[in-house]
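Data first, discussion second: the structure below is written as structure tokens.
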Amino acid sequence: MFSARQIFTQAQRRGFAASARASSKVTVLGAAGGIGQPLSLLLKLNPRVSQLALYDIRLAPGVAADIGHINTKSEVRGYDATPSGLAEALKGSEIVLIPAGVPRKPGMTRDDLFNTNASIVRDLAKAAADHAPEANILIISNPVNSTVPITAEVFKSKGVYNPKRLFGVTTLDVVRASRFISQVKSTDPANENVTVVGGHSGATIVPLLSQSGYNLSGEQLDSYVNRVQFGGDEVVKAKDGAGSATLSMAMAGARFAESLLKAAQGQKNVIEPTFVDSPLYKDQGVEYFASNVELGPNGVEKIHPVGKITDHEQKLLDVCLGDLKGNIAKGIKFVKENPGN
Ligand SMILES: NC(=O)C1=CN([C@@H]2O[C@H](COP(=O)(O)OP(=O)(O)OC[C@H]3O[C@@H](n4cnc5c(N)ncnc54)[C@H](O)[C@@H]3O)[C@@H](O)[C@H]2O)C=CC1
Ligand SMILES: O=C([O-])CC(=O)C(=O)O
């Protein structure tokens, strides 16, 4: 086991050149929540982050006071739940992560969160469009398939939409897909990187195992795919009413933010899966789609095509595209009908 200090020192060594060059403010909206707290902790440990701004409708100054004692260089500030607090948290930010909103309880789908989370994300997106129009916006709040289009519509309505800077965070699907195949094959999950495309809910999550050189079949394949598609439900059920994945999600969100910072600070070939405004299936009416995306200083650098897939994977993809279209349309319609104040 490494001590926290050793891990940090290694990370610091790797990141030192970059952090010496750049100063990066990262903002977390929903920072006092189940995801927000460990996510903020991991960001505080990241030497690429120079300022950490924490905002929530409750407790953000307390979380900031706590995290701010950690002996890494970044400055941490918690902001009051006021419009000016939110504005200050956002100003000058390079990355805005949004895990604000309610999580699922057993028996709910992510879409069941729409009624509550759509307006939360819409209002935070408005503030981001006003105060950090050039930031990379990372949407964690569910249902991601709809909250990303909601954010895009808000930015469009304010004339500041940049499709290269809006990301639905689907990293957790790939983290799970890699972990779960390592459990089937008894391999080291650190060496697994299963491609996952589509969206972030149930049947819209499509693992492309064949691209990792595996050819599971029959019940083994079905149960693997099902576990990846419904990994979130596994956690919701185990937490028994107390919420959904928070710690693995914090890790996944911190990994995605770090990848963006690396790319912004000049590192090449930084590739992450993410749900973005994508040309891949626009001809089929699907405006947003998750696939591997190369990141760069301007956000999205290159959207990778889905590539060669099996007939079985194509069938999964067909179902995914149908569902996605509905989820995306729902988000767009919401903003048009409920523009808010
Ligand atoms: N993209 C993904 O892979 C994943 C997404 N999620 C989603 O992330 C969201 C958050 O989950 P948890 O952290 O577990 O929930 P939580 O309830 O523990 O935390 C949410 C936080 O958001 C805050 N909040 C609510 N309204 C706000 C507003 N208007 N402005 C600022 N903060 C506000 C709350 O005060 C709370 O601290 C959920 O929608 C959940 O479904 C969860 C896991 C994975
Ligand atoms: O399952 C949920 O509701 C939370 C989530 O998105 C995930 O864990 O993938």
Side-chain angles (χ1 to χ4, degrees), residues 27-40 53-63 78-83 85-87 89-90 96-128 138-148 150-151 167-177 179-180 196 198-202 204-205 227-239 241-257 272-275 290 327 340:
T27 300
V28 182
L29 307 181
I35 296 169
Q37 293 202 33
L39 174 61
S40 301
L54 307 184
Y55 175 84
D56 199 299
I57 50 171
R58 57 178 193 112
L59 267 182
V63 175
Y79 292 85
D80 292 332
T82 58
L86 179 54
L90 287 164
V96 178
L97 291 125
I98 308 187
V102 293
R104 284 198 283 168
K105 291 193 186 314
M108 292 170 83
T109 66
R110 291 183 183 80
D111 189 55
D112 292 333
L113 302 173
F114 188 96
N115 286 345
T116 309
N117 288 353
S119 53
I120 292 176
V121 172
R122 177 199 61 199
D123 294 346
L124 292 175
K126 278 187 187 179
L138 279 52
I139 304 292
I140 295 171
S141 316
N142 273 313
V144 166
N145 296 354
S146 304
T147 49
V148 168
I150 286 172
T151 306
F167 306 88
V169 181
T170 58
T171 323
L172 183 54
D173 299 318
V174 170
V175 166
R176 285 186 179 132
R179 173 68 180 146
F180 297 165
V196 182
H200 180 68
S201 71
T204 69
I205 301 171
R227 192 164 182 219
V228 174
Q229 292 188 324
F230 296 95
D233 297 60
E234 216 176 274
V235 182
V236 170
K237 190 166 171 242
K239 289 199 174 177
S244 56
T246 53
L247 304 172
S248 49
M249 180 59 233
M251 173 271 172
R255 168 176 140 179
F256 191 76
E272 287 286 357
T274 169
F275 185 69
N327 296 157

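If you're wondering where the values come from, they're calculated on a predicted model, not measured in any experiment. Whatever order the structure lists them in is the order used to number ligands and atoms, beginning at 1.
- Protein heavy atom closest to atom 8 (O) of ligand 2, with residue, atom name and distance, is R176 NH2, 2.7 Å.
- Separating the CE atom in M108 from the CG atom in L113 is a distance of 4.5 Å, to the nearest 0.5 Å.
- Side-chain atoms of T171 never come within 3.5 Å of backbone atoms of G253 as a donor-acceptor pair (strictly under, hydrogens ignored).
- Contact annotation: for V144 versus ligand 1, heavy atoms closer than 4.0 Å belong to the side chain alone.
- Protein heavy atom closest to atom 6 (N) of ligand 1, with residue, atom name and distance, is N142 ND2, 3.3 Å.
- Residues R176 and I205 have side chains not in contact (no heavy-atom distance under 4.5 Å, counting atoms from C-beta outward).
- Counting only heavy atoms from C-beta outward, the side chains of T170 and P273 approach each other to under 4.5 Å.
- When heavy-atom distances to ligand 1 are checked against a 4.0 Å cut-off, L124 comes that close only through its side chain, counted from C-beta outward.
- Looking at atom 43 (C) of ligand 1, its nearest protein heavy atom turns out to be A245 O, 3.3 Å.
- To the nearest 0.5 Å, atom CG of residue L172 and atom CZ of residue R255 are 10.0 Å apart.
- Listed by number with element, the atoms of ligand 1 under 4.0 Å from a non-hydrogen atom of V102 are 38 (C), 39 (O), 41 (O).
- Contact annotation: L172 has at least one heavy atom less than 4.0 Å from an atom of ligand 2.
- When only interatomic distances are considered, the shortest N/O to N/O separation between G34 and ligand 1 falls below 3.5 Å.
- When only non-hydrogen protein atoms are considered, atom 6 (O) of ligand 2 lies nearest to H200 NE2, 2.6 Å.
- Ranking protein heavy atoms by distance to atom 17 (O) of ligand 1, first place goes to P103 CD, 3.5 Å.
- Each of the following atoms of ligand 2 lies closer than 4.0 Å to a heavy atom of G232: 1 (O), 7 (C), 8 (O).
- In terms of protein heavy-atom proximity, atom 9 (C) of ligand 1 is closest to P99 O, 3.8 Å.
- Counting only heavy atoms from C-beta outward, the side chains of P143 and N327 never approach each other to under 4.5 Å.
- At the shortest separation from atom 3 (O) of ligand 1 among protein heavy atoms lies H200 NE2, 3.0 Å.
- At least one side-chain heavy atom of F114 sits less than 4.5 Å from a side-chain heavy atom of I150.
- Of the candidates D56, L86, V169, L29, the one placing a heavy atom closest to atom 35 (O) of ligand 1 is D56.
- For the pair N117 (side chain) and V102 (backbone), a donor-acceptor distance under 3.5 Å is present.
- Residue contacts with ligand 1: N117 is placed with a nitrogen or oxygen under 3.5 Å of a nitrogen or oxygen of the ligand (distance criterion only).
- Among Y79, F275, Y55, F256, the residue whose heavy atom lies closest to atom 31 (C) of ligand 1 is Y55.
- We find the CZ-CD1 distance between F167 and I140 to be 13.0 Å, quoted to the nearest 0.5 Å.
- Between G101, P38, G33, A127, it is G101 that holds the heavy atom closest to atom 22 (O) of ligand 1.
- For the pair N142 and ligand 2, the shortest N or O to N or O distance falls below 3.5 Å.
- Scanning the protein for heavy atoms near atom 4 (C) of ligand 1, the closest one is M249 SD, 3.5 Å.
- Between I139 and ligand 1, no pair of N/O atoms sits closer than 3.5 Å.
- Considering CD1 of I57 and CG of L124, their distance stands at 9.0 Å, rounded to 0.5 Å.
- Applying the 4.0 Å criterion to heavy atoms of A245 picks out, from ligand 2, the atoms 8 (O).
- Without hydrogens or angle criteria, S244 side chain to P103 main chain gives no donor-acceptor distance under 3.5 Å.
- A donor-acceptor contact under 3.5 angstrom links the side chains of T204 and N145, judged on distance only.
- By the 6.0 Å contact criterion, NZ on K239 is enclosed, its count of non-hydrogen atoms from other residues, nucleotides or ligands being greater than 12.
- With a 4.0 Å heavy-atom cut-off, ligand 1 is reached by no atom of R104.
- No N or O atom of S244 sits closer than 3.5 Å to an N or O atom of ligand 1.
- For ligand 1, the polar-atom distance check finds an N/O of I140 within less than 3.5 Å of one of the ligand's N/O atoms.
- Proximity to R104 (heavy-atom distance under 4.0 Å) selects the following atoms of ligand 2: 1 (O), 2 (C), 3 (O).
- Within the 4.5 Å cutoff, the side chain of L90 has heavy atoms near those of the V96 side chain.
- Considering backbone and side-chain atoms together, I35 places an N or O closer than 3.5 Å to an N or O of ligand 1.
- The closest side-chain heavy-atom distance from N142 to R104 is not below 4.5 Å.
- The CD1 atom of I139 sits 9.0 Å away from atom CG of L29, with the distance rounded to the nearest 0.5 Å.
- Ligand-side atoms of ligand 1 in range of R58: 35 (O), 37 (O), range being under 4.0 angstrom from any heavy atom.
- Of the protein's heavy atoms, A100 CB, 3.5 Å lies nearest to atom 33 (C) of ligand 1.
- Using a non-hydrogen distance threshold of 4.0 Å, A32 registers as a contact of ligand 1.
- In terms of protein heavy-atom proximity, atom 28 (C) of ligand 1 is nearest to I57 CG2, 3.6 Å.
- Heavy-atom proximity to atom 29 (N) of ligand 1, evaluated over V236, I120, L113, is greatest for I120.
- When R110, M108, M249 are checked for heavy-atom proximity to atom 5 (C) of ligand 2, R110 turns out nearest.
- Taking the side chain as every heavy atom from C-beta outward, V169 and H200 never approach each other to under 4.5 Å.
- Taking distance alone, with nitrogen or oxygen atoms compared against 3.5 Å, T246 stays at or beyond that limit from ligand 1.
- Put simply, OG1 on T27 and CD1 on I98 are 9.5 Å apart, with the number rounded to the nearest 0.5 Å.
- Two residues are said to be in side-chain contact when any heavy atoms from C-beta on lie closer than 4.5 Å; L54 and D56 fail this criterion.
- Checked by atom type and distance alone, the side chain of T147 pairs as donor or acceptor with a backbone atom of S141 at under 3.5 Å.
- Counting the atoms of ligand 1 from 1 in the order shown, those under 4.0 Å from a heavy atom of G30 are 22 (O), 32 (N).
- Contacts with ligand 1 closer than 4.0 Å are made by no heavy atom of R110, backbone or side chain.
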